[in-house]
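Please find one structure pasted underneath; my questions will follow.
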Amino acid sequence: MRAVASGTRAWLLQRLTAVYMLVFLVLTLGRCAVDPPASHEAWRNWIGTGGMRVATVLFFVGLVLHAWVGLRDVAMDYVHPLALRVALLALVGAGLAAFAAWMILVLAGL
Amino acid sequence: MRFSIYRFNPERDSRPTMQNFEAVVGPHDRMLLDVLLRLREQDDSLTFRKSCREGICGSDAMNINGRNGLACITPLAGLKEPVSLRPMPGFPVIRDLIVDMTQFFNHYHAVRPYLVNHEPPPERERRQSPAERAKLDGLYECILCGACTGFCPSWWWNPDRFLGPAALLQAMRFIADSRDRATAVRLEFLDDAYRLYRCRTIMNCTEVCPKGLSPSRAIEHIRQRIVKEGL
């Protein structure tokens, strides 16, 4: 229970994922601004290459973890009835897991 | 000078009301508390706490025109009329401007606000270098008026589980003390999603502290210490 509820772990995770996402977005958007992929094929080749694919998967995993901590915090602040909070967090968790799985499937198919 | 003051007597009223007052400001009245005392001469049922009259005891913390502060060190000059006086938000009201601070002091006691050191005491005293002593500046001055905690939205949402800015500032005061030997235990107690991490760095606490302290910074330092000790 302590590991799940540990404040520092979640707090640190949220900040580290934020930094990673920021760096990823700056670099990716910067690359698109400086040297935009000429076609969909060129975009696929760029995103689908080894290093970039791993970085993109990490971006979406980070996004899901970041969102989980944020939404969990919102629920802890505002949703006090335990049953309602558990149900809400289960829904959020399932939604985020489905989103992550979908993104990984999309990236794996490139 | 015109006032609009929160009135609630649980023995008589089913719900609180705002009552208008008109006060004649005396030639030597400088602070809000001076006029509040005059208003009490008009209506002796008007209830508020006060003691030292100089911002040391922290008794007369209240919500003044929407901001928490101490009536005794709030200058009359510059107060917009009618001056709205309410009890500090987030606290249960006992009567008029007096709030129940039981929960607040429970949180304060939970951080063990005293030195923990089981080493044999030296012959005279446990000494600190000037540099070690300087680390307590900005922490030891807290007078526990509750203005910060009563203005913290995170505390309004979870008053029973989030310790609040005042108690966390007090916790940091003893974590920062070179004579204390319970830092690890203190940090472990604080490393909790509710006790410490309900703080969203809204910084209302720092904004309203009548002593000019920064509970926000203290909370940040606690987080840094937990991360550092964890690594």
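A quick note: this is a predicted structure, and the numbers were derived from the prediction, not measured. Per chain, numbering begins at 1; letters A, B, ... match sequence-line order. Just so you know, these numbers use all the heavy atoms, side chains as well, and skip hydrogens, waters and symmetry mates.
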So, does B/Arg198 use its side chain to make a donor-acceptor pair with the main chain of A/Asp73 at under 3.5 Å?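 Checked: pair present.
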
Ignoring hydrogens and geometry beyond distance, is a side-chain donor-acceptor pair present between B/Tyr197 and A/Thr8 at under 3.5 Å?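 Side-chain D/A pair, B/Tyr197 to A/Thr8: present.
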
Using atom types as modelled and distance alone, determine if a side-chain donor or acceptor of B/Asp96 lies under 3.5 Å from a backbone N or O of B/Phe8.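 Yes, the answer is positive, given that a donor and an acceptor are paired below the 3.5 Å cut-off.
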
Salt bridge present between B/Asp177 and B/Lys135 (N-O < 4.0 angstrom):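 Here B/Asp177 does not pair with B/Lys135 in a salt bridge, since their nearest N and O are not under 4.0 Å apart.
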
What about the rings of B/Phe104 and B/Trp155, do their centers lie closer together than 6.0 Å?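 When the ring centroids of B/Phe104 and B/Trp155 are compared, they turn out to be at least 6.0 Å apart.
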
Tell me whether the guanidinium CZ or amine NZ of B/Arg161 lies under 6.0 angstrom from the six-membered ring centre of B/Tyr194 and within 45° of its axis.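 Satisfied, under 6.0 Å and within 45°.
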
Using a heavy-atom cutoff of under 4.5 Å, enumerate the residues of residues 14-28 of chain A that contact chain B, numbered in order, or state 'none'.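 Listed by number, there are no contacting residues, so the answer is none.
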
Top of B/Leu196, B/Asn158, B/Leu190 for chain A proximity - count of heavy-atom pairs under 4.5 angstrom: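 Maximum pair count with chain A is reached by B/Asn158.
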
B/Arg195 versus chain A, the contacting section by heavy-atom distance below 4.5 Å: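 Neither part.
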
Let's go through B/Asp13 and B/Arg7 carefully: what are the C-alpha distance in whole Å and the side-chain angles of both, what is the deciding distance for salt bridge (charged side-chain N to carboxylate O under 4.0 Å, His left out) to 0.1 Å, and is it a yes or a no? CA-CA 9 Å; B/Asp13 306 329; B/Arg7 302 302 307 270; over 6 Å; no

